[in-house]
Structures are given as structure tokens and as C-alpha cells.
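Everything on this sheet refers to the single structure shown next.
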Protein chains: 2
Amino acid sequence: MGMKIGELSRATGTNVETIRYYERIGLLPAPSRTAGNYRDYSQTHLDRLNFVRHARGLGFDIADIRSLLNLAEQPDRDCGEADKIASGHLKSVEAKISRLEQLRSELKHMITQCRGGQVSECRIMEALGDHDHCSTAHVPNGILS
Amino acid sequence: MGMKIGELSRATGTNVETIRYYERIGLLPAPSRTAGNYRDYSQTHLDRLNFVRHARGLGFDIADIRSLLNLAEQPDRDCGEADKIASGHLKSVEAKISRLEQLRSELKHMITQCRGGQVSECRIMEALGDHDHCSTAHVPNGILS
DNA sequence: TATGGTCCCTGTAGCAACTACAGGGTCAAG
DNA sequence: CTTGACCCTGTAGTTGCTACAGGGACCATA
């Protein structure tokens, strides 16, 4: 009746393996199966997967998406929760941007300092080796990811 | 004679487990051992680990750092290679920044659209559910990471 | 000498969010 | 009846760490 996993994959631009992964972690409900044990998806699944892909495209992590999906299933609740999740994510995006801008300027500086020549006099290598020069040491893990 | 792993850890701001991890993947050479089988680090190890931490702080991945370390050991070579690695990294940082800026503006837009009320009329949820609205679909995997 | 506390050792498993097989089954076309 | 495209399960790999478990080493004190 519905669509097979390959069709859902094409319809949403999602890798087949990723769809099965989402099912395994409980992000998508397990669909019914055909006689030959193929997954048989409905419009509901399509909508939900599109929701997930949009949210992932906006960089929400899967925990956030779970919360957003729960909210979507309770249309009468206040949407403050959704706002909170989105605002929190926006903040983390902004933090990443400013961190990356800092990296960009340090890298640019390093690169313009390098005027060619031998490794032994390369400013890039010097900057990396110098113990006291780099402002990027001791950055909490994972802020870049 | 030298320093134990905990001292190296404190001296470089690197987790002990991380130091052992770097040894395991061959990024740091295995140090000699004391009679009690403790790792015994020298100044050379300290320098190398500082180099690695600086480069990681600048967002270089471990493959790049391996290359940079190889270069550092051949001081008479041309430093064009180092320049290439750094420039390539700068480009990827810039790509991430522009991607994140795009996300930021989409998120901001979404959030300002939401005027509170119920989930059923929340613009955030609408935007995520809407099939044709989101410009962030089909982004190559991992460009955000 | 016993005891405690702090360090250190190896080895393995976990995280996020997938991706990539291996080794097999299903189904429609020719 | 075979070919090829698709589908299935299950497991392992990716990156850069982090977090144990279960045990040794070393030093100070009682």
C-alpha cells in the first residue's frame, strides 16, 4: 500500500541506512511490513521524517528533535517549550560562530606571516610550537563540534 | 628523571587519558618507562604535546597534525606544505562559518515568528513540519561538525 | 609492618550521528 | 530460470576523545 524504504529515501533525501538507524533509536516508529518483510511506510512516516530532516538540517541534535516531536504530538500545549529549544540552539550556533571567527582570524594571521622558505623559519610552524603564543589553548573540548 | 603522565597532563592542560590516547594512535611517541612501569616523559614529549594541543586548539584534525609534525621534523624542506594545510583548514573554517550564519538567520527568523500560544499555531513547529519551506534540507552530511 | 591515599597501568566500552559492509532473502522482468 | 535491483538483519567503522573496571606502585604515617 505505502512506500518502500527506497522510495521514502528518495522522497526525503535521506540515506536508507539513516532511516533504519532512526527507527532503531526510536526516532521514527517502526512501520508495518509487507508479506515479504519489507518496511511499508505511510504518509505519516513521510511527514515525520521530513520534520526530522528539517530539524537536523537546522542543526538540532537528536535529543532536541525528540522533544520537538513530542511537542508536535500535543498541539494544545503552550509552545514556550519549542521556543526554548530553538533559542537554546540558536545560542549554541552563535557560540560556535564566534569561536570559529576567532579561529579564522588566528589562522589568517598565521598564514599571512608565512612568506615561504624553509620549514625552519616558517611562522606557521613557529606559532604552533611556541608555548606562550597561542590564545587557543585550553579550550573546552567539543565546543568546535 | 623526566615527568610522569600526571605532571605532563598538568603542564599542558591535557587529560591523562588523552595523552595515552595520543600515544596509542601514534601521535606521541611512547616514552621510556620507570622501574615501576610508569611513563617517563622528557622535554621533547612536552614540546610535541604542546604543538599538538595548539594545533587542536586551532581546529586542525589529527591527520593534519600528523602531517605538520612530519614537516616539523624536516626543517630544511619548503614550508609550502604547511601553508597548504593551514590554508585548507582556513577554508573549511570559513565554510563552517557561512553555513552557521545561514542557520543563525533561519533560526532567528523562526523564533521571531513565534508569538507564543499553542503548539498547534506555533511557527517554529510549522516551519519544521512544512515540506517546502526550509532551505536547509539536503545539506551534505557533516558540514556542520 | 600494616594501612591508607594518591598516583599509575592495561583494556575495553561509550558518546553522536551516522555510514558501510557481509551475508543473505524477495520480487519483477525477460 | 536467471539476472538485477531492491530489501533484510547484524555488526563494525568513523572522530577525538572520555570513563570506567580491575589491578599495581609508591609514599607517608601509625
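If you measure from atom CG of Leu27(A) to atom P of dA16(C), you get 13 Å, rounded to the nearest angstrom. Rounded to whole Å, atom P of dG16(D) lies 12 Å from atom CZ of Arg53(B). Asn37(B) has its CG atom 17 Å from the P atom of dG23(D), to the nearest Å. Atom CD1 in Ile19(A) sits roughly 14 Å away from atom C1' in dC6(D) (whole-Å rounding). Rounded to whole Å, the distance from CG on Leu8(B) to C1' on dC7(C) is 15 Å. Leu28(A) has its CG atom 14 Å from the P atom of dA17(C), to the nearest Å. Spacing between atom OH of Tyr41(B) and atom P of dC8(C) amounts to 10 Å, rounded to whole angstrom units. Atom-to-atom, CD of Glu23(A) to P of dT9(D) comes out at 7 Å; the value is rounded to the nearest Å.
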Under the side chain to side chain contact (heavy atoms under 4.5 Å, CB included) rule, what do Leu46(A) and Tyr41(A) come out as? Steps first, then yes or no, please. CA-CA 7 Å; Leu46(A) 178 66; Tyr41(A) 292 101; over 6 Å; no

Starting from the C-alpha separation in whole Å, work towards a yes-or-no answer on side chain to side chain contact (heavy atoms under 4.5 Å, CB included) for Ile19(B) and Arg39(B). CA-CA 11 Å; Ile19(B) 297 173; Arg39(B) 286 174 179 81; 5.9 Å; no

Start with the C-alpha gap between Glu7(A) and Arg10(A), add the side-chain angles, then the distance that decides, and say whether salt bridge (Lys or Arg N to Asp or Glu O under 4.0 Å) holds. CA-CA 5 Å; Glu7(A) 301 171 70; Arg10(A) 282 186 294 279; 5.7 Å; no

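A donor-acceptor contact shorter than 3.5 Å is absent between the side chain of His54(A) and the backbone of Phe51(A). Formation of a donor-acceptor pair under 3.5 Å by the His89(A) side chain with backbone atoms of Leu58(A) is found in this model. Checked by atom type and distance alone, the side chain of Thr18(B) never pairs as donor or acceptor with a backbone atom of Thr14(B) at under 3.5 Å.
Taking 4.0 angstrom as the limit, Arg33(B) places none of its side-chain polar atoms (N or O) nearer than this to OP1 or OP2 of dG24(D). Using a 4.0 Å cut-off, some side-chain N or O of Arg39(A) falls inside it from OP1 or OP2 of dC8(D).
Residues satisfying the side chain to side chain contact (heavy atoms under 4.5 Å, CB included) test with Asn70(A), not counting sequence neighbours, are Glu73(A).
Within 4.0 Å (heavy atoms only), Phe60(B) reaches no atom of the nucleic acid at all.
Between Leu27(B) and Arg66(B), the shortest heavy-atom distance links the atoms CD1-CG, 3.8 Å.
Checked for salt-bridge contact, Lys91(B) and Glu94(B) miss the test: no charged N lies under 4.0 Å from a carboxylate O.
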Short heteroatom pairs, N/O only, protein and nucleotides 10-15 of chain D, under 3.5 Å:
none

Scan nucleotides 23-25 of chain C against the protein and return all N/O pairs shorter than 3.5 Å with their distances rounded to 0.1 Å.
unit_1, atom_1, unit_2, atom_2, d
dG25(C), N2, Tyr38(A), OH, 2.9

